[in-house]
Amino acid sequence: MEAPTAAMVWFRKGLRVHDNPALDAARRGAGRLYPVFVLDPRYLRPDPAAASPGSARAGVARVRFLLESLGDLDARLHRLGSRLLLLRARDDDDAAGAVCAALKDWNIGRLSFESDTEPYALARDKKVTDFAMSSGIEVFTPVSHTLFDPADIINKNGGRPPLTYQSFIAIAVEPPEPILEEYSELPPVGDTGEYELLPVPTVEELGYGDISQEEISPFQGGETEALRRMKESLQDKEWVAKFEKPKGDPSAFLKPATTVLSPYLKFGCLSSRYFYHCIQDVYRSVRNYTKPPVSLTGQLLWRDFFYTVSFGTPNFDQMKGNKICKQIPWSENEELFVAWRDGRTGYPWIDAIMIQLRKWGWMHHLARHSVACFLTRGDLFIHWEKGRDVFERLLIDSDWAINNGNWLWLSCSSFFYQYHRIYSPITFGKKYDPNGNYIRHFIPVLKDMPREYIYEPWTAPLSIQKKAKCIIGKDYPKPVVDHDTATKECRKRMGEAYASNRLDSYSSKGKPSNLSRRKWSHGDQDASNSSIARQLKTSRSD
DNA sequence: TAAGATGTTGTCTGT
DNA sequence: AACAGACAACATCTT
């Protein structure tokens, strides 16, 4: 062994220099530092068979966001005398293989990477950890993606994840302070031998063609932009102090009603702990401020809530085998599903949101609620997993725990059960944006439809449709379902499904709540390990 | 144990 | 403009 230790920091999420415990640990006492990111072909390769531009895993907006984030990380490392080493996985989904090979070839003594609780990541990281252990490489995997350690919260809750927000925040009180130290330099990068070091590719170089003409996400990836955006948002102290998530305007797109920091949190361009810390600074300087669950910090706690529940719940991302998920006989209808996915339901409010999703990879939270409700319990009665898949691929802030958690919520499968509260695809958007500016922007064919018909263009007289150069049924689709009758039918089916779920619980003796509690208590001895084991068994293979 | 309070973000009508 | 109550009614937690 050489005297100065070679350390590797493996970036996956956590694409930042600030408040990065994995980087911080790797640099300490290291003679040489290898900052690595692995490009996964399956994530980046264009998939012509996909329903919209992008790879099999990600829409082109998120591919671009990731590449921008990597470019920015590389630039920031350069300023500290380092650089990002991009490796290419030889096979699809085999980042672990590339890391293991580099560990061996570069004679790495210490490896650190941020802990990741997603099933896919747990399986991937286990391969690397097993290899490192057997090779005598020291491994450090700090928790820094979330405010709290999900395993720790589960332990403090008696081995079960808290299933309500209130019970969660009763345990999750004060998150750890971020690392505030700013580096002036990092250890030099060591010899990389035979390795071909790739520059960060552009979307064009990856084969997506020229996307500069298309309207794509206005949000630029990277830590630099994340910090700029956060500071800009927090500058308006009154806005921060008065922030109430449910009161935001989902139709605001020129200036969104939220911070739009979610994609930066998803990739870890922004540390949630640093963000939390900075919000607290603002709160200290004002007299009154809103509180969780509606406040800005409340949003970060929701994020941690879903991370924690997803970590402690086997089969969290599916209905079957998921103990916290209502079993509902969703109907199969490919035609209706495709109309929803492609923004052709005939309801302009719904379609505009789906088109914003495809182009920008981002929509306001309440807009997501509208379309999720419409697809599932509100109108089409289609399985939430189908909608989840579409969001998972297209959102730039696509986050496994949060996306699945919200689909469970919106479909009234878990967490939220008031299925008679249904968003209207006509009036909900209208109350924020009576003129329909949002619709006119994302569905240009409707741009000249008069204000009184913009949310229900099929009710416009033919003469008006002609004048607006938009014939319903030809230039823009007729509604795929009648909302009033579809909603009634959905309510009825939800009622039946709930009754059947109650019956199932009672018939297997005991009260439903007690039953599920008994089942949970089996894994109490070592909650974190047992849930890791469970998660590993259910890791995604798509 | 039964009853009451509570739950981030529904819609419609009426004041 | 902002709010209250009806609508029809869920699960979970506390008392």
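The analysis underlying the following values was restricted to heavy atoms, covering all of them including side chains, and did not include hydrogens, waters or symmetry mates. Proteins come first, then strands; the chains are lettered A, B, ... in the order of their sequence lines, and each starts at number 1.
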*So which nucleotide from dT11(B), dT8(B), dC13(C) ends up closest to the side chain of S424(A)?*
dT11(B)
*asked:* Suppose we call two aromatic rings close when their centres sit under 6.0 Å apart. Are F442(A) and Y438(A) close by that rule?
replied: yes
*Starting at the 5' end of DNA chain C, what dot-bracket string do you get if Watson-Crick and G-U pairs under 3.5 Å are bracketed, crossing pairs use [ ], other-strand pairs use | and unpaired bases use dots?*
.||||||..||||||
*Looking at the side chain of Y419(A), which of dG10(B), dT8(B), dA9(C) is the nearest nucleotide?*
dA9(C)
*In a check of side-chain contact (heavy atoms from CB on, under 4.5 Å) between T259(A) and each of L296(A), L270(A), L234(A), L265(A), which one passes?*
L296(A)
*asked:* For the C1' atoms, the ones on dT1(B) and on dT14(C), what distance do you get once it is rounded to whole angstrom?
replied: 13 Å
*I324(A) has an atom CD1; how far is it from atom P of dT12(C), in whole Å?*
10 Å
_Shortest side-chain distance from R502(A), nucleotide among dA11(C), dT8(B), dT11(B)_ = dA11(C)
_Quick check on dC10(C): is either OP1 or OP2 less than 4.0 Å from any side-chain nitrogen or oxygen of K326(A)?_
no
*dT9(B) P sits how many Å from K247(A) NZ, rounded?*
12 Å
_Any residue in residues 364-381 of chain A with a heavy atom nearer than 4.0 angstrom to DNA chain B? Just list them by number, or reply none._
H365(A), L366(A), H369(A)
*Does dT14(C) have OP1 or OP2 sitting under 4.0 Å from an N or O in the side chain of Q166(A)?*
no
*Given dT9(B), dA9(C), dT12(C), which nucleotide is nearest the side-chain atoms of W409(A)?*
dT9(B)
*With the threshold set at 4.0 Å, does a side-chain nitrogen-carboxylate oxygen contact exist between K386(A) and D389(A)?*
no
_Which label fits Y165(A) and F168(A): parallel for a plane angle under 30°, tilted from 30 to 60°, or perpendicular past 60°?_
tilted
*Which residues, if any, of residues 289-300 of chain A bring a heavy atom under 4.0 Å of DNA chain B?*
P293(A), V294(A), Q299(A)
*Among dA9(C), dT8(B), dT12(C), the nucleotide that comes nearest once only the side chain of Y417(A) is considered*: dT12(C)
*Under 4.0 angstrom between T427(A) side-chain N/O and dC12(B) OP1 or OP2*: yes
*Nearest to side-chain heavy atoms of Q418(A), which nucleotide of dT12(C), dA11(C), dG7(B)*: dG7(B)
*Measure from the ring center of Y264(A) to the ring center of F219(A) and say whether it is less than 6.0 Å.*
no
_W349(A) side chain to S370(A) side chain, donor-acceptor N/O pair below 3.5 angstrom_ = yes
*Does D116(A) come within less than 4.0 Å of K13(A), counting only side-chain N to carboxylate O?*
yes
_Gap between atoms CZ and C1', on F416(A) and dC10(C) respectively (whole Å)_ = 8 Å
*Check whether the aromatic ring of W302(A) stacks on the base of dT8(B), taking stacking as ring centres less than 5.5 Å apart and planes within 30° of each other.*
yes
*When the distance from CG of L163(A) to P of dG7(B) is rounded to whole Å, what number comes out?*
17 Å
*asked:* Check this for me, if you would: do E225(A) and R228(A) make a salt bridge, where the nitrogen-to-carboxylate-oxygen distance has to be below 4.0 angstrom?
replied: yes
*For dT6(B) and dA9(C), measure between their P atoms and round to the nearest Å.*
23 Å
_I328(A) CD1 - dA11(C) P separation (whole Å)_ = 11 Å
*In whole angstroms, how far is the C1' atom of dA11(C) from the CE atom of M494(A)?*
13 Å
*To the nearest Å, how far apart are R491(A) CZ and dA8(C) C1'?*
8 Å
_Counting C-beta onward and ignoring hydrogens, is there a side-chain heavy-atom pair between C412(A) and M494(A) closer than 4.5 Å?_
yes
_Once you apply a heavy-atom cut-off of 4.0 Å, does F428(A) come out as touching a base, just sugar-phosphate, or nothing?_
sugar-phosphate
*Do the rings of F253(A) and H441(A) sit parallel, tilted or perpendicular, given the 30° and 60° boundaries?*
tilted
*N501(A) CG - dT12(C) P separation (whole Å)*: 11 Å
*asked:* Is any side-chain heavy atom of I179(A) closer than 4.5 Å to one of N20(A)?
replied: no
_Regarding D379(A) and Y347(A), do their side chains bring together a donor and an acceptor under 3.5 Å, going by distance alone?_
no
*Is it true that the side chains of S251(A) and D249(A) contain a donor and an acceptor less than 3.5 Å apart?*
yes
*Base, sugar-phosphate, or nothing for K431(A), non-hydrogen atoms under 4.0 angstrom?*
sugar-phosphate
